[in-house]
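Take a look at the structure set out below.
We're numbering straight along the sequence, starting at 1. We count ligands from 1, going down the list as the structure has it; atoms in each ligand are counted the same way. Just so we're clear, the structure is a prediction, and the values are computed from it rather than from any experiment.
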Amino acid sequence: MEPAKFSIGLGNNDAKIRSDASKDYVEFWASQAKRLSWFKAWDTTLEWNPPFARWFVGGKINASYNALDIHQNQKDKPAILWEGENEERHTITYGELFSDVQKVSNGLKSLGVEKGDRVTIYLPMVPEIMVAMLACARIGAIHTVIFSGFSAASVHDRVVDSQSKIIITADGGYRRGVIVKLKEVVDAAIENLDFVQNVIVLRRTKIPISQNKKDLFWEDIVRDSPDVCGAEPLESTHPLYILYTSGTTGKPKGVLHDTGGYLTHLHSTFRWAFDIKDSDVYFCTADIGWVTGHSYVAYGPLLCGATQVMYEGAPDYPSQSRMWDILQRYKVTIFYTTPTALRMFMKYGDAIPNSFDLSSLRLLGTVGEPINPEVWKWYFRTIGKDKCPIIDTWWQTETGGMMLSPLPGLETIPLKPGSATFPIPGVDIAVVDDAGKETLPDTKGYLVIRKPWPGMLLTLWGDDEKYKSVYWSKYSGFYYTGDYAIKDGDGYFWLLGRADDILKIAGHRIGTAELESSLVSHRGVAEAAVCGIPHEIKGEAIIAFLVLKEGIKVSETLQNEVMSKVRSDVGAIATPQQIYFVSKLPKTRSGKIMRRLLRAIASNEKIGDVSTLEDGAAVSEIQAAFDDIKNQIS
Ligand code: PRX
């Protein structure tokens with residue numbers, strides 16, 4: 001592993017934060033929470049009934065109030081500098097955002113939405129997505145945003161699980177020059193769902209849509225609703241949102257976040273990691289449909305009153321230089337993106353970023369997947385011109401906010417390309433072996449979190465048992481992240497990818513079980529197994545192995561049908577790169593698919609240490625299965 005170099009400081013050195021946090025983490029988080037505006041102070045900072053944590057119990061707070069009302073002394077400050085795909089540009093100030101949110105809150109109230117009701121938001125990356133979330137938060141409705149690339153079947157499952165009363169969508173959204181017909185997807189998703197009372201439609205593209213009895217238009221709601229809507233004082237533990245994410249079982253899990261703890265975590269990490277100043281122009285490229293968009297596009301920046309760029313569409317459309325053009329035009333100072341995007345930009349060549357003025361940049365970040373050291377160094381040199389610290393931030397939908405990251409807003413540490421460095425103050429993270437014992441330096445183990453933290457999920461929506469079994473059953477008393485990691489001799493953490501059956505495709509989390517259940521639902525497929533193999537840009541790509549039913553023949557039509565089945569069940573991001581048809585799947589004696597063996601086959605590797613990694617199968621059996629499948633697909 002590389003020695004530490006790349007030590008770029010931003011002049012901050014607040015050692016007290018770390019020393020306070022190490023004395024008493026509960027007291028420490030209480031001191032951080034005081035930076036937010038509370039309607040009523042809490043009685044108990046942490047109620048910890050393992051594995052359920054409740055932060056700031058008895059306190060009353062509102063997320064929309066902390067994102068908007070408190071910034072009205074600078075109402076003309078831009079909150080969002082928005083870029084549409086077709087070069088439309090708007091600036092939305094804190095004053096304008098405040099006024100739109102109140103109207104939409106009143107509109108929701110007039111439709112009978114009450115505290116605790118669920119509202120599904122299925123919108124493209126337009127400022128209204130932020131307005132819709134904050135409007136829900138203002139009245140205590142629980143928002144559940146679904147990424148606008150998901151299919152009707154995925155939307156259906158999520159709406160049914162959350163029992164959303166209202167859906168907010170758009171006629172369509174732009175993506176790579178094509179209009180994605182979102183309203184059409186929603187119509188198909190909610191057919192026969194009587195509990196959905198209304199669909200609010202934003203006319204984004206003005207394409208014709210079919211109109212149903214339940215439909216209302218966003219524009220009418222904004223025009224007809226009263227201007228003023230006070231923020232509801234909500235219990236700190238009141239759920240702010242549900243965000244569905246892939247798990248190891250077939251159905252996505254509804255990760256449920258609270259209000260007070262989550263806001264405290266974001267307010268703290270946004271300042272520590274990004275060193276945010278009033279004059280900064282921040283740009284996070286995440287879509288709001290994923291957790292990074294919730295935490296570091298929607299809530300984090302607004303809580304801190306930041307100005308940010310938000311864009312619609314794809315990072316390299318209409319041109320490969322789109323990102324650098326945006327950075328130059330808005331004089332972006334802080335840029336937060338994904339390793340997948342960086343790998344793509346790097347492939348396009350240095351000449352493109354080199355032809356733009358990127359001198360406004362002072363801090364760079366990455367999130368969502370491990371970053372290869374060579375990509376890290378390219379980011380540092382070609383984009384940051386050797387003067388910007390890079391924060392490699394490790395966290396998850398479940399953690400709510402960053403857990404491991406350099407924090408240039410607090411301190412200067414030597415960086416190591418490819419390492420997410422150290423835990424943030426007030427969290428306790430370790431790498432442990434199967435028995436839960438900390439591993440020796442440089443030894444691979446599982447990443448666990450040993451104490452509750454404020455951004456921690458409350459539970460899985462409607463399923464406390466699953467919450468306990470997914471995160472708390474592997475180790476007693478530790479939260480299991482599902483990630484492999486190493487802690488080196490200097491205490492730096494290195495993330496090594498998922499230890500469970502979850503794939504990371506272009507940073508998006510996709511469960512193998514979800515994919516396999518879609519594949520086997522095709523009439524011709526008897527059995528299916530998928531695995532991820534390394535991909536130059538996306539990090540991982542999906543490979544599927546299928547066993548067909550008796551009498552079904554392999555054909556191009558069949559292959560296309562299977563691909564489109566996955567696209568319509570899960571979404572385009574889950575499309576396999578390659579499908580192999582085989583006569584049987586390699587399984588252990590207990591019936592578990594030997595996924596690592598499939599991965600070795602698909603990536604043309606030697607069988608290597610696969611044999612030691614699979615339980616319940618003899619080495620000879622594994623070798624035979626390996627040879628058998630290899631022969632069939634070659
Ligand atoms: O495997 C880790 C990977 O992404 C997983 C969480 O995915 P998700 O809930 O979709 O949230 C992504 C955005 C926070 C983790 O379990 N991951 C996330 N950040 C990193 C990472 N892997 C390596 N390095 C990171 N910085």
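At under 3.5 Å, a nitrogen or oxygen of Gly368, whether backbone or side chain, sits near a nitrogen or oxygen of ligand 1. For ligand 1, the polar-atom distance check finds an N/O of Arg509 within less than 3.5 Å of one of the ligand's N/O atoms. The shortest N/O to N/O separation between Arg498 and ligand 1 falls below 3.5 Å. Distances between N or O atoms of Asp483 and those of ligand 1 include at least one value under 3.5 Å. Distances between N or O atoms of Lys504 and those of ligand 1 include at least one value under 3.5 Å.
Residue contacts with ligand 1, taken as heavy atom pairs separated by less than 4.0 Å, involve Thr397 via backbone and side-chain atoms alike. Heavy atoms of Leu404 found under 4.0 angstrom from ligand 1: none, in either backbone or side chain. Neither the backbone nor the side chain of Ala420 has a heavy atom within less than 4.0 Å of ligand 1.
The shell of residues lying under 4.0 angstrom from ligand 1, judged by heavy atoms, excludes Gly482.
Note: Phe493 and Phe422 fail the aromatic proximity criterion, with ring centroids not under 6.0 Å apart.
Looking at Tyr484, Trp290, Tyr296, Trp395 and measuring to atom 18 (C) of ligand 1, the nearest heavy atom belongs to Trp395. Counting only non-hydrogen atoms, the option in Gln396, Glu369, His294 that gets closest to atom 25 (C) of ligand 1 is Glu369.
Within ligand 1, counting atoms from 1 as listed, the ones closer than 4.0 Å to a heavy atom of Val367 are 13 (C), 14 (C).
With a 4.5 Å cut-off on side-chain heavy atoms, Asp258 and Met456 do not count as touching.
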